[in-house]
Amino acid sequence: MDKKPISKQGFENLINELKDLKEVQRPEILKTVQWARSLGDLSENADYSAAREKQRQIDKRIQYLEDFVNNAVVIDVDSLSGDRVVFGARVVCEDENGNRMQCRILSDVESDGKQVISCTSPVGRALIGRCVGDTCVVRLPSGEREYEILEVKFKE
């Protein structure tokens, strides 16, 4: 599996979520499954079905987080600087219509799709490696859009 970049803060958040899932949420749902099983007929037991579904969701999230953590490359974005867009950069750019976009480029799990975009998204891939004054073409589902990079910073 490919190594995946993640910020130090994002990595700590994943570790905390994983710990909560393993130490709090999963034990609780196992108790609920056992309680629902004790009610008898499992074929018509909605409590049992719901608890098992919740357990599957928790187990799936645990597996995803463990895989991500095991393949993560932690990057201390606070130590970065320069005028080139790299992972962790805060970017201000403008499209051909004069619309400004401000975003930060981080990992998939840290992305919100608005102010924090994924380094693997079309916009993230187009911006990475560019410098202030460069333009780049982003291929989006709605068509191509050209952005000019106005500012690259790493600190707030």
### Query
After noting the C-alpha distance and the side-chain angles of R52 and V33, does the key distance pass the side-chain contact (heavy atoms from CB on, under 4.5 Å) rule?
CA-CA 6 Å; R52 289 288 295 163; V33 168; 3.9 Å; yes

### Query
What distance separates C119 SG from E110 CD, expressed to the nearest 0.5 Å?
9.0 Å

### Message
Within the 4.5 Å heavy-atom criterion, are R90 and F154 side-chain neighbours or not?
### Response
no

### Query
From L65 CG over to N16 CG, what is the distance, rounded to the nearest 0.5 angstrom?
11.0 Å

#### Entry: C103 versus K114, closest heavy-atom pair with distance
CB-O, 4.2 Å

### Check against side-chain contact (heavy atoms from CB on, under 4.5 Å), Q55 and L30
CA-CA 7 Å; Q55 180 186 357; L30 289 176; 3.4 Å; yes

### Task
State, without any angle test, whether E94 and N99 hold a side-chain donor-acceptor pair at a distance under 3.5 Å.
no

#### Entry: Transitive ILVMFWY side-chain link V109 to I75, under 4.5 Å
no

### Reported CG-to-CZ distance for the pair D76 and F11, which is rounded to 0.5 angstrom
13.5 Å

### Message
With a 3.5 Å distance limit and no angle check, can you tell me whether D112 reaches the backbone of Q115 through a side-chain donor-acceptor pair?
### Response
yes

### Task
Could you tell me whether E17 and R61 have a side-chain N and a carboxylate O separated by less than 4.0 Å?
yes

### CZ on R130 to SG on C136, rounded to 0.5 Å
5.5 Å

### Same cluster (ILVMFWY, side-chain, under 4.5 Å), L140 and I105
yes

### Task
Using atom types as modelled and distance alone, determine if a side-chain donor or acceptor of E144 lies under 3.5 Å from a backbone N or O of V138.
no

### Message
So does D67 get a backbone contact from the side chain of N70, meaning a donor-acceptor N/O pair under 3.5 Å?
### Response
no

### Query
Can you find a heavy atom in the side chain of L21 that is under 4.5 Å from one in the side chain of R26?
no

### Query
Below 4.5 Å, heavy atoms only, C-beta onward: do R139 and P122 meet side chain to side chain?
no

### Query
Which pair of heavy atoms, one from D20 and one from Q25, lies closest together, and at what distance?
OD2-NE2, 2.6 Å

### Query
Is there a side-chain contact between V86 and L80 (heavy atoms, below 4.5 Å)?
yes

### Task
Treating Ile, Leu, Val, Met, Phe, Trp and Tyr as nodes and any side-chain heavy-atom pair under 4.5 angstrom as an edge, say whether L106 and L127 lie in one connected cluster.
yes

### Separation between CD1 of I128 and CZ of R84, rounded to the nearest 0.5 Å
12.0 Å

### Contact check, side chains of V137 and Y147, non-hydrogen atoms, under 4.5 Å
no

### Task
Could you grab the distance from atom OG of S118 to atom NZ of K4, nearest 0.5 Å is fine?
9.0 Å

### Linked, directly or transitively: I58 and L14 (ILVMFWY side chains, under 4.5 Å)
yes

### Salt bridge flag under 4.0 Å for residues E53 and R56
yes

### V152 versus A89, closest heavy-atom pair with distance
CG1-CB, 4.1 Å

### Query
Which atom pair, heavy atoms only, marks the closest approach of T32 to A51?
CG2-CB, 3.9 Å

### Query
Side chains of E96 and R145: closer than 4.5 Å at any heavy-atom pair?
yes

### Message
Salt bridge or not between K22 and E66? Use side-chain N to carboxylate O under 4.0 Å.
### Response
yes

### Message
Has S7 got a side-chain atom pairing as donor or acceptor with V77's backbone, closer than 3.5 angstrom?
### Response
no

### Message
How close do V132 and L150 get, counting heavy atoms only, and between which atoms?
### Response
CG1-O, 3.5 Å

### Query
Does some side-chain heavy atom of F68 sit less than 4.5 Å from a side-chain heavy atom of I6?
yes

### Message
Checking side-chain polar atoms at under 3.5 Å, does Q9 have a donor or acceptor matched by the opposite partner on N13?
### Response
yes

### Task
Using distance alone, with no hydrogens and no angle criterion, decide if D59 and Q63 have a side-chain donor and acceptor under 3.5 Å apart.
no

### Within one Ile-Leu-Val-Met-Phe-Trp-Tyr cluster: V74 and L18, side-chain cutoff 4.5 Å
yes

#### Entry: Q102, CD: over 12 other non-hydrogen atoms inside 6.0 angstrom
no

### Message
For a 4.5 angstrom cut-off between non-hydrogen side-chain atoms, does D95 reach M101?
### Response
no

